[in-house]
Student: 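For reference, the structure I am asking about is given below.
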2 protein chains.
Amino acid sequence: MKTEKKGPSGRPRGFDTGEALERAMLVFWEHGYEGASLGRLTSAMGISATSMYAAFGNKEELFRKALERYTEGPSAYLDEALKEPTSLGVATAILSGVIRTTTAPSRPQGCMGIQGALAAGESAQSARELLVGWRNDGYLRIRKRFERAVGEGDLPAGADAGLLARYVTTLAHGIAVQAASGVCRDELQAMADAALRVWPPL
Amino acid sequence: MKTEKKGPSGRPRGFDTGEALERAMLVFWEHGYEGASLGRLTSAMGISATSMYAAFGNKEELFRKALERYTEGPSAYLDEALKEPTSLGVATAILSGVIRTTTAPSRPQGCMGIQGALAAGESAQSARELLVGWRNDGYLRIRKRFERAVGEGDLPAGADAGLLARYVTTLAHGIAVQAASGVCRDELQAMADAALRVWPPL
DNA sequence: GGAATTCTGTATCGATCACTACTGAACATG
DNA sequence: CATGTTCAGTAGTGATCGATACAGAATTCC
């Protein structure tokens with residue numbers, strides 16, 4: 001029994017969709033949904049507008065897929081951080097991961113999940129709502145992890161997991177804004193270290 | 001000796017520039033520089049495009065003046081907060097001010113100084129740079145205030161005023177992002193209270 | 001009241017937006 | 001090789017972008 005591999009008749013695609021999506025992600029990351037014009041996107045992707053529409057549907061879907069790639073690539077530190085054995089380890093790993101991702105010298109400064117579309121006009125409302133959901137999902141996963149920590153005795157019984165998750169999320173988002181403003185990595189890391197020196201901040 | 005008040009010959013302006021600027025500020029605040037089209041702006045201002053250009057120059061200058069109005073209006077809590085007698089009072093007042101401003105039910109959610117243009121395309125780079133300077137100015141004023149607190153003995157001699165200012169700024173910006181995502185006021189205030197329960201976070 | 005000056009609305013500018021019809025080239029299958 | 005299918009580039013769609021030319025209306029100065 002072998003997997004059905006029917007040959008797709010026709011001319012094969014002349015570019016790598018993964019790499020093109022990576023390039024598109026970087027443009028959205030740097031300029032936001034509204035600031036990323038189709039001309040700039042396709043130019044960075046190295047393909048024509050026709051090929052982009054054939055491969056990804058439209059600008060909105062391209063953004064959605066670019067966000068997925070962002071989640072599994074530059075933002076994958078969150079998955080790893082949630083596996084840390086203690087809540088303090090989780091919080092520490094999240095903040096250092098955010099700092100590393102938002103201040104990497106070879107990549108856009110800031111976080112695509114925030115500056116991709118924080119406020120927007122009519123044409124970008126769906127992108128904005130997508131990112132609101134993306135950020136809320138991150139918060140929920142952190143909260144759930146902290147709830148587990150309360151159950152395990154890692155956090156005191158009276159600890160408010162939601163409040164702690166909100167605290168870490170707020171710091172993470174604030175760091176992303178600072179990074180977008182050009183604040184350097186070391187300064188942010190020193191600040192994060194100080195913020196977590198008392199844990200939990202009950 | 002009386003102030004020279006030469007009569008400006010010609011038809012007087014038919015609208016109140018202050019109120020028009022207030023309306024424009026709200027549009028920029030809600031939709032950002034790029035998301036605020038001229039049509040939407042002039043429609044909200046209640047004037048024609050011609051009148052807008054005659055009164056404010058162009059979109060870029062309109063944004064600059066709207067930001068000034070934002071600084072002196074919704075963002076005026078910072079001036080007051082810096083007058084608090086202690087560094088903890090300053091930090092507390094800043095965060096509660098941010099929360100009040102970014103979650104007011106009758107106004108756009110979030111902070112114009114951030115979502116006005118966090119990431120942007122080519123045409124909005126000047127607006128983006130203007131906001132980077134605006135945020136950095138806020139940071140510098142807080143830092144200077146904390147340096148004073150160190151000199152006064154309000155903060156311990158070894159305290160790093162820059163790091164503390166960065167901490168408060170990061171929380172403030174993070175709160176603004178949360179507010180833009182729809183997080184409610186009470187939750188943010190509870191989080192801010194917890195964040196400042198240990199002060200300074202040395 | 002006449003002239004000069006400034007405001008306001010209409011209509012429109014060229015440029016760019018996201019998006020697509022069309023043509024021809026490139027490749028897989030039979 | 002012949003046929004069918006898909007890709008990619010050119011050119012151009014209507015809509016909207018920010019910004020203006022123009023002409024009529026309104027007000028002040030002389």
Side-chain angles (χ1 to χ4, degrees), chain A residues 4-21 23-24 27-28 31-66 116-117 120-128 130, chain B residues 4-21 23-24 27-28 31-66 116-117 120-128 130:
Chain A
E4 183 185 2
K5 190 199 283 186
K6 76 165 153 193
S9 53
R11 175 177 170 179
R13 184 166 285 140
F15 61 93
D16 182 64
T17 55
E19 182 147 349
L21 190 56
R23 306 254 186 95
V27 174
F28 280 130
H31 299 290
Y33 182 85
E34 288 181 310
S37 71
L38 231 57
R40 200 197 293 255
L41 283 165
T42 54
S43 168
M45 297 166 86
I47 62 177
S48 70
T50 314
S51 301
M52 192 285 286
Y53 278 94
F56 300 102
N58 56 23
K59 187 183 179 183
E60 206 172 304
E61 281 198 33
L62 179 64
F63 183 77
R64 197 175 50 75
K65 286 164 184 162
E122 222 170 298
S123 66
Q125 281 305 322
S126 62
R128 187 187 146 276
L130 181 67
Chain B
E4 183 183 0
K5 190 198 281 185
K6 75 166 152 194
S9 53
R11 177 175 170 179
R13 183 166 285 139
F15 62 94
D16 182 65
T17 55
E19 182 147 348
L21 190 55
R23 305 256 185 96
V27 175
F28 280 129
H31 299 291
Y33 182 85
E34 288 181 311
S37 71
L38 231 61
R40 199 196 293 256
L41 283 166
T42 54
S43 169
M45 298 166 85
I47 62 177
S48 70
T50 313
S51 301
M52 192 285 286
Y53 278 94
F56 300 101
N58 57 22
K59 188 183 179 183
E60 207 172 304
E61 282 197 33
L62 178 64
F63 182 77
R64 197 175 50 75
K65 286 164 184 162
E122 223 170 296
S123 66
Q125 281 305 324
S126 62
R128 188 187 146 274
L130 180 68

Student: Determine the interplanar angle of the Phe63(B) and Phe28(B) rings, folded into 0 to 90°, and report it as parallel if under 30°, tilted if 30 to 60°, perpendicular if over 60°.
Tutor: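 Perpendicular.
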
Student: Between dC17(D), dC19(C), dA25(C), spot the one nearest the side chain of Arg11(A), thanks.
Tutor: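 So the nucleotide nearest the side chain must be dA25(C).
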
Student: Atom NE2 of His31(B) and atom P of dT16(D): how far apart are they, to the nearest Å?
Tutor: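 The answer, rounded to whole Å, is 16 Å.
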
Student: Between atom NE2 of His31(B) and atom CZ of Arg40(B), what is the distance when rounded to the nearest 0.5 Å?
Tutor: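 That separation rounds to 3.5 Å.
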
Student: Using whole Å, report how far OH of Tyr53(B) lies from C1' of dA11(C).
Tutor: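 Distance, rounded to whole Å: 15 Å.
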
Student: Does Glu60(A) come within less than 4.0 Å of Arg64(A), counting only side-chain N to carboxylate O?
Tutor: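 Arg64(A) and Glu60(A): not salt-bridged.
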
Student: Just checking Ala55(B): base, sugar-phosphate only, or nothing, at a heavy-atom cut-off of under 4.0 Å?
Tutor: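 Nothing, no nucleic acid heavy atom in range.
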
Student: Report the distance from atom CG of Asn58(B) to atom C1' of dT20(D), rounded to the nearest whole Å.
Tutor: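 My rounded result for the distance is 13 Å.
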
Student: If you take any heavy atom closer than 4.0 Å to DNA chain D, which residues from residues 41-49 of chain A end up in contact?
Tutor: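 When residues 41-49 of chain A is checked for heavy atoms under 4.0 Å from DNA chain D, the hits, listed by number, are Ser48(A).
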
Student: So, is Ser51(A) near the phosphate of dA8(D), with a side-chain N or O under 4.0 Å from OP1 or OP2?
Tutor: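 So the side chain of Ser51(A) is within the cut-off, an N or O lying under 4.0 Å from OP1 or OP2 of dA8(D).
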
Student: If you measure from CG on Asp16(A) to CG on Leu21(A), what distance do you get to the nearest 0.5 Å?
Tutor: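 One finds 10.0 Å between CG of Asp16(A) and CG of Leu21(A).
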
Student: For a quick check of understanding: with a heavy-atom distance under 4.0 Å over all strands, which category does Thr50(A) fall into, base, sugar-phosphate or nothing?
Tutor: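 Base contact - Thr50(A) has a heavy atom under 4.0 Å of at least one base atom.
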
Student: For Glu34(A) and dT16(C), give me the distance from atom CD to atom P, rounded to whole Å.
Tutor: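 My rounded result for the distance is 18 Å.
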
Student: Name the nucleic acid region contacted by Ala124(A), choosing base, sugar-phosphate or nothing; use a 4.0 angstrom heavy-atom cut-off, strictly under.
Tutor: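 If one applies the 4.0 Å heavy-atom cut-off, Ala124(A) turns out to touch nothing in the nucleic acid.
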
Student: Rounded to the Å, how far apart are Met52(A) CE and dC7(D) C1'?
Tutor: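 Those two atoms, CE and C1', are 15 Å apart.
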
Student: Heavy atoms from C-beta onward define the side chain here; which of dC19(C), dT27(D), dA26(C) lies closest to that of Pro12(B)?
Tutor: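 My answer, after comparing the listed nucleotides, is dT27(D).
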
Student: Roughly how far, to the nearest 0.5 Å, is NZ of Lys59(A) from OG1 of Thr42(A)?
Tutor: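 With rounding to 0.5 Å, OG1 (Thr42(A)) is 11.0 Å from NZ (Lys59(A)).
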
Student: Just how far, in rounded Å, is P of dT20(C) from CG of Leu38(A)?
Tutor: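 Distance check: Leu38(A) CG to dT20(C) P gives 10 Å.
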
Student: Given dA25(C), dC19(C), dA19(D), identify the nucleotide with an atom nearest to the side chain of Lys59(A).
Tutor: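 Of the options given, the side chain of Lys59(A) lies nearest dC19(C).
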
Student: I'd like to know if the side chain of Glu34(A) and the backbone of Gly121(A) have a donor-acceptor N/O pair within less than 3.5 Å.
Tutor: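 Confirmed, Glu34(A) side chain pairs with Gly121(A) backbone.
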
Student: Send over the distance from Glu61(A) CD to dC19(C) P, rounded to a whole Å.
Tutor: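 Rounding to the nearest Å, CD of Glu61(A) and P of dC19(C) are 10 Å apart.
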
Student: Could you give the distance from OH (Tyr53(A)) to OG (Ser48(A)), rounded to the nearest 0.5 Å?
Tutor: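 Separation between the atoms: 11.0 Å.
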
Student: Mapping Arg13(A) and Gly57(B) to their closest nucleotides on DNA chain D, which lands nearer the 5' end?
Tutor: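 Upstream on the strand: Arg13(A).
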
